[in-house]
S.K.: 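Right, I'll just put the structure down here and ask away after.
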Amino acid sequence: MSRRLPAPGELADRWGLDPEVVYLNHGSFGATPRAVLAAENDVRTMLEAGPVRFFEDHYPAALDDARRALAAFVGARPEDLAFVCNATTGVNTVLRGLRLEPGDELLTTDHEYNACRNSLEAAAGAAGAVVKVARVPFPVASGDEVVDRVLDRVSSRTRLLL
């Protein structure tokens, strides 16, 4: 069964964005959908009504539920997942946990988010490691082309692919 994609603008009312502005930077500073804002407000109201009760009774179970749902979606174990504030925090958390040695390689693509690329460069520089970059054309002919470009840059010294 095929699903129909929404027409441009068909979902616009789900956000509070100014309709007079064409918003093209959703990746960096995305607006939050109205339904998410409403759910967020419900949680904030619950927190403000009883902060101790919220953090002792509600929060741990809600976090575990969210981790289980995400694990099922991505095919992982819940105990292997952690929520972070943003991509840069997650990348830095992983990088700071690595024991890199001189000559180790951190691999990324030329499409990497710049803040995360900067984190790679800083971690590599501190350890004498090297950041290698797989050049991925745009547009690509197929997903295999991306995989091939990345795997061509993997070596026995590769410790991380971002």
Side-chain angles (χ1 to χ4, degrees), residues 5-6 11-101 104-136 138 140 143 146-147 149-150 153-154 158-162:
L5 291 175
L11 302 177
D13 64 337
R14 295 187 185 184
W15 281 265
L17 292 168
D18 181 347
E20 299 299 315
V21 175
V22 177
Y23 193 69
L24 300 176
N25 193 17
H26 200 77
S28 296
F29 303 103
T32 306
R34 293 178 195 273
V36 174
L37 288 172
E40 183 181 71
N41 194 50
D42 290 347
V43 171
R44 188 175 18 263
T45 298
M46 185 187 315
L47 166 64
E48 293 299 331
V52 173
R53 181 178 60 238
F54 177 86
F55 283 109
E56 288 182 355
D57 297 339
H58 176 75
Y59 183 71
L63 190 59
D64 287 344
D65 289 346
R67 197 179 349 261
R68 278 192 293 276
L70 178 61
F73 181 72
V74 300
R77 298 181 323 163
E79 60 270 21
D80 291 337
L81 300 175
F83 292 106
V84 293
C85 297
N86 55 50
T88 309
T89 298
V91 167
N92 275 294
T93 300
V94 170
L95 288 170
R96 300 304 177 240
L98 295 177
R99 293 190 181 156
L100 297 172
E101 298 179 8
D104 283 349
E105 297 170 354
L106 304 175
L107 177 58
T108 191
T109 73
D110 56 344
H111 296 262
E112 184 53 64
Y113 176 55
N114 199 50
C116 294
R117 170 74 183 268
N118 291 342
S119 297
L120 281 180
E121 296 286 354
V130 177
V131 175
K132 289 177 65 176
V133 178
R135 305 273 175 225
V136 177
F138 183 82
V140 295
V146 176
V147 172
R149 294 286 182 116
V150 171
R153 301 289 289 164
V154 172
T158 303
R159 298 294 174 256
L160 177 79
L161 167 60
L162 177 64

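This chain uses plain numbering: 1 for the first residue, then up along the sequence.
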S.K.: I want to check something: taking the side chain as every heavy atom from C-beta on, are Leu160 and Leu100 in contact at a cut-off of under 4.5 Å?
M.R.: no
S.K.: Within a 6.0 Å radius of atom CZ on Arg14, are there more than 12 heavy atoms belonging to other residues, nucleotides or ligands?
M.R.: no
S.K.: Is there side-chain contact between Val94 and Leu162, with heavy atoms separated by less than 4.5 Å?
M.R.: no
S.K.: Just how far is it from atom CG of Leu17 to atom OG1 of Thr32, taken to the nearest 0.5 Å?
M.R.: 9.5 Å
S.K.: Using the test ring pair (Phe, Tyr, Trp, His ring centres under 6.0 Å), find all partners of Tyr113 that sit at least two apart in sequence or belong to another chain.
M.R.: none
S.K.: Identify, with sequence neighbours excluded, every residue that meets side chain to side chain contact (heavy atoms under 4.5 Å, CB included) alongside Pro19.
M.R.: none
S.K.: Return yes if a side-chain donor-acceptor contact under 3.5 Å exists between Asn92 and Thr89, otherwise no.
M.R.: no
S.K.: Could you list the donor-acceptor pairs under 3.5 angstrom formed by side chains in residues 71-85, with sequence neighbours left out?
M.R.:
residue	atom	partner	partner atom	Å
Arg77	NE	Asp80	OD2	2.8
Arg77	NH2	Asp80	OD1	3.0
Arg77	NH2	Asp80	OD2	3.2

S.K.: Under 4.5 Å between any side-chain heavy atoms of Arg153 and Thr109, yes or no?
M.R.: no
S.K.: Would you sort out whether Thr108 and Val131 count as a side chain to side chain contact (heavy atoms under 4.5 Å, CB included), showing the intermediate values?
M.R.: CA-CA 7 Å; Thr108 191; Val131 175; 4.2 Å; yes
S.K.: Does His58 have any ring pair (Phe, Tyr, Trp, His ring centres under 6.0 Å) partners at least two apart in sequence or in another chain, and if so, which?
M.R.: Phe54
S.K.: Does any non-hydrogen side-chain atom of Val150 lie less than 4.5 Å from one of Leu107?
M.R.: yes
S.K.: Just by modelled atom types, is the Trp15 backbone N or O under 3.5 Å from a matching donor or acceptor in the Arg34 side chain?
M.R.: yes
S.K.: Write down the atom of Glu112, the atom of Cys116, and the distance for their closest heavy-atom approach.
M.R.: OE2-CB, 3.5 Å
S.K.: Among all residues two or more places apart in sequence or in another chain, which pass the side chain to side chain contact (heavy atoms under 4.5 Å, CB included) test with Ala126?
M.R.: none
S.K.: Nearest 0.5 Å, what's the CG-CG distance between Leu106 and Leu95?
M.R.: 6.5 Å
S.K.: To the nearest 0.5 Å, tell me how far Asn114 CG sits from Leu120 CG.
M.R.: 10.5 Å
S.K.: Is there a side-chain contact between Thr88 and Asn118 in this structure, where contact means two heavy atoms from C-beta onward sitting under 4.5 Å apart?
M.R.: no
S.K.: Do Glu40 and Arg44 sit within salt-bridge range, that is, some charged N less than 4.0 Å from a carboxylate O?
M.R.: yes
S.K.: Is it the case that over 12 heavy atoms from other parts of the model lie below 6.0 angstrom from the CZ atom of Arg96?
M.R.: yes
S.K.: Residues two or more places apart in sequence or in another chain: which of them pass salt bridge (charged side-chain N to carboxylate O under 4.0 Å, His left out) with Asp57?
M.R.: none
S.K.: For Arg149 and Ala134, indicate whether the former's side chain and the latter's backbone hold a donor-acceptor pair under 3.5 Å.
M.R.: no
